[in-house]
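Reading through the structure tokens given below for one structure.
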Amino acid sequence: MAAPSDLPRHGDGVTLTLPELLARAEHRSLVQSHHSGQARALMAGERLSRLKGRGMEFSEVRGYQPGDDVRTIDWRVTARTGKAHTKLFREERERPVLLCVDLGQRMHYGSELLLQSVQAAHLAALLGWHVSAEGDRLGGLILSERGHRELKPRARRSGLLALLEALVELHPGDDSEDNDYWSAGLQRLERLARPGTTVVVITNTLGLDSASLERLARLKRHAEVRVFNITDPLFDRLKASRGLLPVRQSHSGQSGWLSRERRDALANHWHQAQANALNGVRQRQLIYSEISATQPLEQQWRRLWL
């Protein structure tokens, strides 16, 4: 079991509060340092040019010079002055980043340290702090059976604070049943993510079914798509345990028992879903990483990138 010292500051691992998400700011350098060490050249400009559909903004007009692309000639200025002029462009400095976070009921379990939903929110907050520090525009799509919050990319801290507040608002679990919340949410994501956007999807294995992965593959045609799978060894432990196993719902506090037959069925279903998800990710060549809910994010810094 995890030691109390492993719990996040201001957090208990089950509920979610704004102070614990604000405290993620002190670890935002973990994302940046890993990104820089992995590909330092990206900081010098390759990071911008490699993004699909990266937006270009007009800079100025100057006289045509040998070697200029004829497609950039400003014909209006050329006609007015009688001399050929070329438009100059520069890449947009503020990268739009969208964090799509799954806080559905399937995320509200954990065998040690944190619920998957809490770890998902912590990861989103940490990435959000990093995006804000980089000067990029941050937006989000927070999804659960209770509803959704769509946040268009905004600059500075305004986008970050809106994201953190939405995570806290939609985190509490309940008995709502909306099996289509994730599918409908990914449809919204396709509409929200414009060309050149970096899209980060945070869910667990059940959010990486074939239909969901196919949507992400389509999205990858015009956006940079990255997937974080929040994992927990619960189902491996279910398979190994014997006799009746006590369980408790995170949102209601109700207790019960799982029989060996029920545990085996759940474990087999999960392992099959996990195998299908990994195969689907490989086939679609999605950028993918696993984050455990049984360890603090600070201990998983090698898997933190953006």
Side-chain angles (χ1 to χ4, degrees), residues 25 28-29 31-100 124 127-141 149-163 166 186-201 215-227 284-287 305-306:
R28 64 179 180 267
S29 62
V31 182
Q32 184 174 356
S33 61
H34 175 55
H35 173 80
S36 300
Q38 184 183 39
R40 189 175 301 276
L42 298 186
M43 304 298 288
E46 186 181 337
R47 168 173 170 249
L48 299 182
S49 60
R50 69 189 285 269
L51 294 177
K52 298 179 181 179
R54 185 70 190 205
M56 303 291 288
E57 59 182 5
F58 174 74
S59 177
E60 61 179 317
V61 174
R62 62 157 168 78
Y64 178 84
Q65 298 177 3
D68 285 349
D69 190 335
V70 295
R71 293 174 297 180
T72 63
I73 291 178
D74 189 324
W75 295 107
R76 290 185 179 181
V77 176
T78 297
R80 188 172 66 247
T81 63
K83 295 182 179 180
H85 282 73
T86 300
K87 292 180 180 178
L88 298 183
F89 297 86
R90 62 185 178 188
E91 289 180 294
E92 292 177 342
R93 295 182 179 180
E94 294 182 347
R95 172 180 56 161
V97 179
L98 280 175
L99 303 182
C100 179
L127 296 177
W129 279 107
H130 169 71
V131 170
S132 179
E134 288 286 288
D136 292 327
R137 291 183 289 125
L138 177 66
L141 187 59
R149 292 294 178 273
E150 183 178 307
L151 308 170
K152 293 183 178 180
R154 295 156 65 183
R156 309 296 180 184
R157 293 290 176 84
S158 58
L160 174 62
L161 293 176
L163 174 77
L186 293 183
Q187 289 183 37
R188 294 188 183 92
L189 184 62
E190 287 186 90
R191 172 176 52 81
L192 192 60
R194 298 186 176 184
T197 300
T198 295
V199 176
V200 180
V201 176
R215 287 191 180 280
L216 296 180
R218 290 200 300 268
L219 187 59
K220 195 182 76 164
R221 296 171 186 169
H222 69 268
E224 191 85 3
V225 178
R226 305 182 178 188
V227 178
R284 295 166 178 85
Q285 297 183 323
L286 295 170
I287 302 175
W305 35 254
L306 187 59

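Bear in mind that the values here come from a model prediction, so they are computed numbers and not experimental data.
For the atom pair CZ of Arg149 and CG of Leu163, the computed distance is 13.0 Å after rounding to the nearest 0.5 Å. Atom CG of Leu192 is separated from atom OG1 of Thr197 by 8.0 Å, given to the nearest 0.5 angstrom. Note that the CG atom of Leu216 and the SG atom of Cys100 stand 8.0 Å from one another [nearest 0.5 Å]. For the atom pair CZ (Arg95) and CD (Glu134), the distance works out to 7.0 Å, reported to the nearest 0.5 Å.
Between Arg157 and Trp129 the shortest side-chain heavy-atom distance falls below 4.5 Å. Considering only heavy atoms from C-beta on, Thr78 stays 4.5 Å or farther from Tyr64 through its side chain. Using a 4.5 Å heavy-atom threshold, the side chains of Leu98 and Leu141 count as separate. Side-chain atoms of Leu189 and Val201, non-hydrogen and from C-beta on, do get closer than 4.5 Å to each other. The closest side-chain heavy-atom distance from Lys220 to Ile287 is not below 4.5 Å.
The side chain to side chain donor-acceptor pair (under 3.5 Å) search around Arg154 returns none, not counting sequence neighbours. Not counting sequence neighbours, the partners of Arg62 by the salt bridge (charged side-chain N to carboxylate O under 4.0 Å, His left out) test are Asp68. With sequence neighbours excluded, the residues forming a salt bridge (charged side-chain N to carboxylate O under 4.0 Å, His left out) with Arg71 are Asp69, listed by chain and number. Ala217 meets the side-chain contact (heavy atoms from CB on, under 4.5 Å) test with Arg284; sequence neighbours excluded. Listed by chain and number, the residues in a salt bridge (charged side-chain N to carboxylate O under 4.0 Å, His left out) with Glu190 are Arg215, Arg218 (sequence neighbours excluded). Shown here are the side-chain contact (heavy atoms from CB on, under 4.5 Å) partners of Leu161, two or more places apart in sequence or in another chain: Leu22. In this structure Gln187 satisfies the side chain to side chain donor-acceptor pair (under 3.5 Å) test with no other residue, sequence neighbours excluded. Taking the salt bridge (charged side-chain N to carboxylate O under 4.0 Å, His left out) definition, one finds that Arg80 meets it with nothing, sequence neighbours left out. Remark: Arg188 engages His148 in a side chain to side chain donor-acceptor pair (under 3.5 Å) (not counting sequence neighbours).
A donor-acceptor pair is defined here as one N or O able to donate and one able to accept, closer than 3.5 Å; such a pair exists between the side chain of His222 and the backbone of Ala193.
The environment of Arg191 atom CZ is dense: over 12 non-hydrogen atoms of other residues, nucleotides or ligands sit within 6.0 angstrom.
Here the closest heavy-atom approach between residue Asp74 and residue Val77 is recorded as OD1-N, 3.2 Å. Ala223 and Val199 make their closest contact through CB-CG2, 4.2 Å (heavy atoms, listed as atom of the first residue, atom of the second, distance). A pairwise comparison of heavy atoms in Lys83 and His85 identifies O-ND1, 2.8 Å as the closest pair.
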